[in-house]
Amino acid sequence: MPVARPEPQEPRVIAHLDLDCFYVQVEQRRNPALRGQPTAVVQYNDWKGGGLIAVSYEARKFGVKRSMRGDEAKHVCPGINLVQVPVSRDKADLNVYRSAGSEVVAILSTKGKCERASIDEVYLDLTDAAKEMLSESPPESSEFIFEEATKSNILDLTSDASDREENVKAWLCRADADYQDKLLACGAIIVAQLRVKVLEETQFTCSAGIAHNKMLAKLVSGMHKPAQQTVVPSSSVQDFLASLPVKKMKQLGGKLGSSLQDDLGVETVGDLLGFTEEKLQEYYGVNTGTWLWKTARGISGEEVEDRLLPKSHGCGKTFPGPKALKTNTAVKSWLDKLCEELSERIQSDLNCNKRVAQTLTLHARASKENECNSVKKFPSKSCPLRYGTGKIQEDAMKLFESGLHDFWGYRNTGWSITSLSVTASKIFDIPSGTNSILRYIKGPSSGASSTIVDPSSTPDLTPFVGNVTQTDIAHVHEEQCQPSSSIKEDCDNSSLAKQCGATEEKGVSKKLSKAQESGSILKFLSQSQSAFHEKRNFDGLICSNQGHESSSGASEAGQHGKTNINTAGDHSAGNTWMLNVEDIDPDVVGELPLEIQREIQGWIRPSKHASTKKRGSTISSYFSPSRR
DNA sequence: ACGGATGGCACG
DNA sequence: TCGTGCCAT
């Protein structure tokens with residue numbers, strides 16, 4: 001249920017940007033012959049022509065809709081081009097679209113707080129940028145207004161086609177406008193500039209809404225599509241909402257919206273004004289009641305989050321009807337594929353963004369054979385996430401078995417699985433200070449590269465390290481996760497590549513020596529080698545490196561065609577080493593430099609309250625098994 | 001044979 | 001906290 005947020009007193013300038021039929025645009029960029037053609041993107045072509053997930057505007061004219069089957073689309077629009085979503089491991093692979101989305105986010109995140117709302121949607125808080133423009137180069141005293149901005153749709157600004165742009169320009173430059181409206185005008189200009197920049201740099205068009213809050217911005221971003229923007233002056237909100245069907249509001253497209261209609265006779269947002277806040281709370285609870293009351297008045301305090309990356313990664317597949325999985329073997333086989341992809345994606349997230357996921361969750365849908373449709377839900381199950389494809393597969397299968405156990409009780413026959421998915425969540429940044437321990441462990445690209453290989457500026461850990469042997473290193477390498485090639489270029493393609501840092505490769509011998517050093521450090525931190533192999537769940541991560549030679553000779557770096565740059569983004573050379581937090585020897589850590597101790601605390605993270613209160617505040621207290 | 005694959009959020 | 005919904009595209 002939605003919940004109201006406190007309303008900031010200062011007026012804000014919020015934008016919502018939405019890529020137009022995004023998947024189609026991605027395919028059109030890849031194959032320009034598709035431009036201007038009726039086109040749709042489909043997945044799984046075998047059954048009724050596959051399901052449409054994006055439809056070009058040319059095709060929409062024929063009545064082609066999302067959720068149609070390919071066959072239906074062909075029927076209403078015989079000339080339509082159907083492009084298939086890439087398939088990898090026998091399932092749809094959306095990585096090309098994710099990557100393309102990141103390109104856009106990179107551009108949009110330059111002007112203010114930016115929230116990646118989905119693969120093709122972004123919220124911006126442009127308040128500061130708008131204020132700056134207003135004080136330094138206000139539209140009203142500018143000779144030229146950015147042309148794309150003059151094509152804006154201003155809610156309530158009625159004008160016929162002939163003088164529309166003149167009227168818009170006049171509105172944008174109005175000297176007698178509210179402070180609020182002036183800010184909005186600046187916001188509109190900034191968004192127009194951003195949209196043009198996105199188009200220039202990615203060839204993608206997008207639509208946008210500019211308003212004083214997220215709700216209104218989102219509401220209108222889709223009003224004029226494609227490739228247009230819409231502004232909501234606060235003076236127009238009341239009338240606009242009055243006649244708006246409740247179902248159009250975000251969050252009201254489902255059951256809550258239906259309930260408003262069916263139970264309260266509320267057809268439009270305006271109808272909601274007839275209810276007091278208390279009355280709405282009576283029906284829907286305090287939170288939702290207040291939210292509804294505010295929503296009816298165009299009030300929304302929800303802030304734009306500063307987040308460019310997703311909060312979770314999920315891989316799933318459905319097995320409709322006859323495709324349902326009925327054996328453990330079939331489930332295992334599919335789960336393995338899903339986990340492979342998931343592993344690749346979190347590995348990429350780690351390499352590119354220095355983030356680690358902590359929780360693995362399995363979702364499934366199941367139906368029982370004979371026994372009359374007992375629609376019992378298959379329970380989701382989760383556990384701490386251990387890195388490494390094999391471990392994820394192993395854990396996922398266990399989660400499945402656990403779920404199946406609950407699903408069935410004890411009798412174990414005749415189930416069938418109609419969907420499976422695995423999700424990695426609770427993702428955190430890995431701290432990386434200048435004096436980070438990662439400098440000891442990672443390759444040259446981790447910090448100041450020169451100091452890494454310069455012993456004089458690198459604190460000497462020798463006293464703590466003890467014997468370094470090849471077996472230590474081999475042991476560490478066992479824990480490596482090698483991403484496959486399919487998302488190898490993720491970092492390079494996405495703007496996020498910058499975060500990977502770019503460095504020239506150092507000599508192999510130096511890297512080897514770094515590897516030895518890091519292996520020894522891991523060994524040094526590790527209390528018991530055998531613990532690595534126990535079935536316990538992974539509860540922490542020591543490091544990722546970017547730039548070491550892989551131990552296997554099968555490095556594909558050469559195929560990359562890029563020498564010399566961004567070894568960090570080159571997955572083929574990136575290894576990740578992991579160590580179970582439970583295996584870190586607290587006594588030994590206690591002797592490390594303080595800064596490093598603090599950093600290690602950061603890895604153990606669960607921060608908030610988890611361990612500190614229960615177990616005191618010394619670092620060693622973090623290393624007793626924290627869960628399970 | 002539910003459009004499918006992903007995501008986010010609030011609740012209990 | 002985890003698991004369940006609901007919502008969105």
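Chain A is the first sequence line, chain B the second, and so forth, proteins listed ahead of strands; every chain is numbered from 1.
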Contact class for L256(A) (heavy atom, under 4.0 Å): base, sugar-phosphate, or nothing? sugar-phosphate
Calculate the interatomic distance between R89(A) atom CZ and dG4(B) atom P; express it in whole Å. 22 Å
For a quick check of understanding: with a heavy-atom distance under 4.0 Å over all strands, which category does K323(A) fall into, base, sugar-phosphate or nothing? nothing
Contact class for Q251(A) (heavy atom, under 4.0 Å): base, sugar-phosphate, or nothing? sugar-phosphate
At less than 4.0 Å, is any side-chain N or O atom of S382(A) found next to OP1 or OP2 of dG3(C)? Yes or no. yes
At 4.0 Å (heavy atoms only), tell me whether K48(A) reaches a base, stays on the sugar-phosphate, or touches nothing. nothing
Euclidean distance, K317(A) NZ relative to S421(A) OG, rounded to 0.5 Å: 13.0 Å
Relative to the ring of F22(A), is the ring of F204(A) parallel (under 30°), tilted (30 to 60°) or perpendicular (over 60°)? perpendicular
Between Y44(A) and dA5(B), is there a contact of a side-chain N or O with OP1 or OP2 at under 4.0 Å? yes
Starting from C1' on dG7(B), measure out to CD1 on I346(A) and report it in whole angstrom. 17 Å
Phosphate OP1/OP2 of dG3(C) contacted by T361(A) side-chain N/O (<4.0 Å): no
Please classify the nucleic acid contact of S118(A) as base, sugar-phosphate, or nothing, using heavy-atom distances under 4.0 Å. nothing
When you measure from the side chain of K255(A), which nucleotide among dT6(B), dG4(B), dC6(C) comes out closest? dC6(C)
Counting the atoms with a prime plus P, OP1 and OP2 as sugar-phosphate, which does P322(A) contact under 4.0 Å by heavy atoms, base, sugar-phosphate, or nothing? base
Would you please indicate if the ring centroids of W415(A) and F378(A) are separated by under 6.0 Å? no
For a quick check of understanding: with a heavy-atom distance under 4.0 Å over all strands, which category does K65(A) fall into, base, sugar-phosphate or nothing? nothing
Can you tell me how far P in dG7(B) sits from the matching atom in dT1(C), rounded to whole Å? 22 Å
Would you say a side-chain N or O of K311(A) is under 4.0 Å from OP1 or OP2 of dG8(B)? no
Atom CE of M68(A) to atom P of dG3(B): distance rounded to whole Å? 13 Å
Taking only side-chain nitrogens and oxygens of R5(A), does any of them come within less than 4.0 Å of OP1 or OP2 of dC9(B)? no
V83(A): which of T39(A), V42(A), V26(A) passes side-chain contact (heavy atoms from CB on, under 4.5 Å): T39(A)
What is the distance, rounded to the nearest whole Å, between atom NZ of K317(A) and atom P of dG4(B)? 10 Å
Within the structure shown, what part of the strands sits under 4.0 Å from E115(A) by heavy-atom distance: base, sugar-phosphate, or nothing? nothing
Distance check, P atoms only: dT9(C) and dC2(B), in whole angstrom units. 23 Å
CZ of R386(A) to OG of S343(A): how many Å apart, nearest 0.5 Å? 12.0 Å
Reckon K381(A) has a side-chain N or O less than 4.0 Å from the OP1 or OP2 of dT1(C)? no
Between K247(A) and M1(A), who's closer to the 5' end of DNA chain C by nearest nucleotide? M1(A)
Residues K337(A), E340(A): salt bridge by 4.0 Å N-O rule: no
Could you tell me the separation between the NZ atom of K311(A) and the OG atom of S425(A), rounded to the nearest 0.5 Å? 11.0 Å
Tell me: CD of E302(A) to P of dG8(B), nearest whole Å? 13 Å
Would you kindly give the CD-to-C1' distance between E121(A) and dA8(C), to the nearest whole Å? 8 Å
S67(A) side chain near dG4(B) phosphate (N/O to OP1/OP2, under 4.0 Å): no
Between K65(A) and E72(A), is any pair of side-chain heavy atoms under 4.5 Å apart? no
At under 4.0 Å between heavy atoms, what does R365(A) touch on the DNA or RNA strands: base, sugar-phosphate, or nothing? nothing
The nucleotide from dC2(C), dG4(B), dG8(B) with an atom nearest the side chain of Q43(A) is dG4(B)
For G51(A) and H313(A), take the nucleotide of DNA chain B holding the closest heavy atom to each; which residue's nucleotide lies nearer the 5' end? G51(A)
Send over the distance from F22(A) CZ to dG7(B) C1', rounded to a whole Å. 15 Å
For atom CZ of R98(A) and atom P of dA5(B), their distance in whole Å: 12 Å
N/O (side chain, N287(A)) to phosphate O (OP1/OP2, dA10(B)) under 4.0 Å: no
If you pin V3(A) and A92(A) to their nearest nucleotides in DNA chain B, which one's is more 5'? A92(A)
Measuring to OP1 and OP2 of dA8(C), would you say a side-chain N or O of R66(A) lies under 4.0 angstrom away? no
From dC2(B), dG3(B), dG8(B), nucleotide with atom closest to R69(A) side chain: dG3(B)
